[in-house]
Amino acid sequence: MALRFEILGRFNRARAARLTLPHFVCQTPLFMPVGTQGTIKGLTTNQLEEIGCQIILGNTYHLALRPTSELIDELGGLHKFMNWPRALLTDSGGFQMVSLLHLADITEKGVTFQSPVDGKPMLLTPEESIQIQNRIGADIIMALDDVVKTTITGPRIEEAMYRTLRWIDRCIAAHKRPNEQNLFGIVQGGLDPVLRDVCVRHLVERNLPGYAIGGLAGGEDKDSFWRVVALCTALLPEDKPRYVMGVGYPLDIVVCSALGADMYDCVYPTRTARFGTALVPEGVLKLKHKAMAEDTRPIDPTCACMVCKNYTRAYIHCLVTKDAMGSQLLSYHNLYYMMQFPKGDVPEWVCNAMEVAGIKISSCCASFSSSPDLELEKDAPTKKFDDDEVAFDSN
Amino acid sequence: MERAGVFQLGNCPSIETPALLLSTRKGLPHFISPDLLPSLPLPDSSLLQVSPLHFLEGISSKTISSIGGLHKMLGLNDYGLVAVARDSIQCLPESSATNKLGASFETPCGRALIKPTEYMGMISSLRPNLWATLADEVPAWVSKKRNKISVDRTVKWLDECIALSPADGVAFGAIVGGSDVEERRRCAREIAKRNVSGQKTMLCIEWGSANSLKFEGVEVPLRCVFAGYWIGGFGFGESMDERPALLSVVTDSLPKEGPRLISGLGLPEEVLQGVAAGIDLFDSSYIYHLTIGGFALTFPLDTKTNTSDFKLTGMGTDHTKINLKATVYRHNTHHYLGFFQSIREAIKEGRFNQFQQMFVEKRRNHLAEVAVCA
Ligand SMILES: [Zn+2]
Ligand SMILES: [Zn+2]
């Protein structure tokens, strides 16, 4: 185990903690931006530090393709490679394959997929995933799990959960750097509370440094979503970090944190920036909207970020239509926003979850802002994004 | 004749010339996020060239005015902002569509005919530190008649622009004349006669303010205040060989005191031709084009110069492709600013001619080697 997790404060099930990783002492709850090949498009590592980013998530699948884990290893690991002094987390690569390469096939041996380089069939085993992640050298590495769509029902869910448990042992056995890197196990089991329960109990027996709740943010309804999170966080040990994968929207993060989760990742803030959308306390702001052309206010008057301190909505509007700098500045603001803890209006389903968490916030559920330039994402689907950040700048 | 000087503009720190203006898109330098601009060498990188045509759509002049002009809109209060219609990247003059009413440009928003009144409307809302008057730029191959018309229009538009000029900001008179030496001289003399700045004297150029600066034996007042000149119509098909004569006929016709800004000379060899003719300020569209093409500048800087101010360590840290352009652009900008520093050193030490000769020769040999390898 190469981490320390100390709870500093609690409110019912919610907790604030200090997570000490080999490269950084983090404060949780925390949000991890996704940097496909180490970097986050348009932002430098200096900017990410300034924004307050503590952990960056690197996609093993993309890193293994280019520059390759061997090269990263040769150059002294991903921290050196991308010049990032703080903490890093790599995923197993499995989810990327299943979601990006729709031809992926999962067997007991591992995930079989067609190489995007030469089209030949390739196999990612739990052993290989860990070996690659050992070479990349992130502070936290993820076990290879058998990923199924949340919306699938029936025996496949059960099969995937048990396979995930069999694979965790292969991952643990393959892990060569347990004193420098923390292997997190992933709870699977779909929306079935019994399967989730079984999975958590078996994982906890392995005494891993941390646990992730997987298989969510895949299009399930919000009520199922929070119930699974609530169940898992109740069963997971108090003294280990809990990471909800692929989450998400600011509101989802508030809910999961109230339920006792600590870590989150999502491509949403940077991806939505590329479409000209800014995250603001009231919801989202579409900078492409023509009403923005004459709006001389900052994106979010309450935000202290470099973009909000210097630029008007009108100027960002002028940039977002055609220029890369527009999405660069919006990404900066959106990540800054995610690093601050989101506040804002709370919809009904959140209140339900909060009641369970023992937090009475029904009084906050006042009417939503009716400002025409704001579009609230109260009914946003819990959909995990197909991560297409691999696409390079074309200009 | 080559010259070294000190250029001071508004609240921007004074910088030594010959100097490079960074090209921008909608006012912000390419690729580099504005909070990272100070990572470029200062004060050398504090002059930015802005094209008013970038704001033809997306934001109105009225909104720009209510934001408080370019400096406020860009959050770049300490930078010198220089407005020139043509950006040599995306906004280029289209002389065939230019008429007596205004100058035509190809822009990302399509072809646009800009009349002097519209242009001055944009200048008044943008409020740059310095702006060039509207010009009718023509390519090298137009007829003598068309070239003559371009000079007449440019002089007429200068009068119209000056009449409409805002209270703050400094005007640079546009000089054209294509590749005709006589027309170049006529235009330069006409513009020089007009004392472009009038009484508006925000800008001062201090020639020879440092004791070490030699200034070609010309008696220059220690501190004289004057506006300057923008030289257009270059980089439009004139040959490398005819350019020195065209450049010197212009600079010979201008008073020594005014700073001279040129658009369209990009290659190091071209910059050296400009410097040799007494040009002070250059645009940097060349760096942009290099970067887009995926090239990094690697030519050796003058060996005599200590370029430690332009150390590139820590610059090449984003190794992944996604941020590559920003990294290469930063590198190239560093390198080119270093090139200008070498030029200044050579001028101050009275060895600019050798520097130019050696540089051109070395690079020719280097390019020949590369060609053989390819
Ligand atoms: Zn902001
Ligand atoms: Zn470099």
Side-chain angles (χ1 to χ4, degrees), chain A residues 35-47 50-51 58 62-63 66-67 71-72 75 78 80-84 288 290 292-298 305-326 328-329 331-332 389-393 395, chain B residues 24-39 54-77 89-90 107-109 125-126 288 291-294 313-330:
Chain A
T36 302
Q37 268 151 326
T39 52
I40 287 158
K41 204 169 188 170
L43 294 177
T44 67
T45 48
N46 288 342
Q47 285 180 306
E50 203 182 280
I51 285 168
H62 294 304
L63 291 165
R66 185 167 40 194
L71 183 62
I72 293 173
L75 295 170
L78 187 57
K80 274 224 179 109
F81 177 75
M82 62 182 285
N83 189 35
W84 174 247
K288 282 189 179 171
K290 60 180 188 297
M292 296 294 133
E294 288 167 31
D295 197 330
T296 56
R297 289 173 293 174
C305 88
M306 171 272 289
V307 179
C308 293
K309 276 194 298 201
N310 288 304
Y311 299 100
T312 57
R313 294 176 181 184
Y315 183 61
I316 303 284
H317 167 83
C318 173
L319 289 179
V320 284
T321 47
K322 278 179 184 159
D323 298 281
M325 190 57 74
Q328 233 169 292
L329 294 178
S331 291
Y332 188 103
E389 300 223 357
V390 70
F392 298 124
D393 252 329
N395 62 343
Chain B
T24 62
R25 174 82 192 130
K26 293 179 180 170
L28 292 178
H30 299 278
F31 312 113
I32 302 173
S33 178
D35 57 316
L36 301 174
L37 284 182
S39 73
H54 291 179
F55 303 103
L56 283 177
E57 70 177 19
I59 192 163
S60 67
S61 289
K62 198 173 142 252
T63 306
I64 296 175
S65 295
S66 64
I67 292 169
L70 261 182
H71 286 91
K72 279 249 174 66
M73 184 167 74
L74 304 174
L76 297 175
N77 289 316
I89 295 171
Q90 287 172 305
T107 79
C109 326
S125 67
L126 291 168
Y288 174 85
T291 308
I292 286 295
T313 45
M315 296 311 291
T317 48
D318 289 317
H319 294 266
T320 49
K321 193 170 175 180
I322 291 164
N323 286 334
L324 190 64
K325 279 191 193 104
T327 307
V328 171
Y329 187 76
R330 254 191 300 183

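Proteins get letters first, then strands, A, B, ... in listed order; numbering begins at 1 in each.
B/Ser33 is listed as a side-chain neighbour of A/Met306, based on a closest heavy-atom distance under 4.5 Å. Using a 4.5 Å heavy-atom cutoff, the side chains of A/Cys318 and B/His54 are not in contact. Contact check for A/Leu329 versus B/Leu28: side-chain heavy atoms found under the 4.5 Å cut-off.
Here the closest heavy-atom approach between residue B/Ile59 and residue A/Ala293 is recorded as CG1-O, 4.1 Å. Between B/Gly75 and A/Asn310, the closest heavy-atom pair is CA-OD1, 4.0 Å. A/His317 and B/Gly58 make their closest contact through CD2-O, 3.0 Å (heavy atoms, listed as atom of the first residue, atom of the second, distance).
Within the 3.5 Å criterion, the main-chain N or O of B/Phe31 finds a donor-acceptor partner in the side chain of A/Gln328. A distance-only check finds a donor-acceptor pair linking the side chain of A/Tyr311 to the backbone of B/Leu74 [under 3.5 Å].
Contacts with chain A were tallied for B/Pro108, B/Pro34, B/Ser60; B/Pro34 has the most, counting heavy-atom pairs under 4.5 Å. Ranked by heavy-atom pairs under 4.5 Å with chain A, the list B/His30, B/Lys62, B/Glu57, B/Lys72 is led by B/Glu57. Counting heavy-atom pairs closer than 4.5 Å to chain A, the top-ranked of the candidates B/Asp35, B/Ile64, B/Leu76 is B/Asp35.
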| request: Assess whether side-chain contact (heavy atoms from CB on, under 4.5 Å) is satisfied between B/Arg330 and A/Thr44, documenting all intermediate values. | output: CA-CA 13 Å; B/Arg330 254 191 300 183; A/Thr44 67; 4.3 Å; yes
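No more than 12 heavy-atom neighbours from other residues, nucleotides or ligands sit within 6.0 angstrom of CD on A/Glu294.
For A/Leu75, no part lies under 4.5 angstrom from a heavy atom of chain B.
Interatomic distance, CD of A/Glu50 versus CG of B/Leu36, reported as 8.0 Å (0.5 Å rounding).
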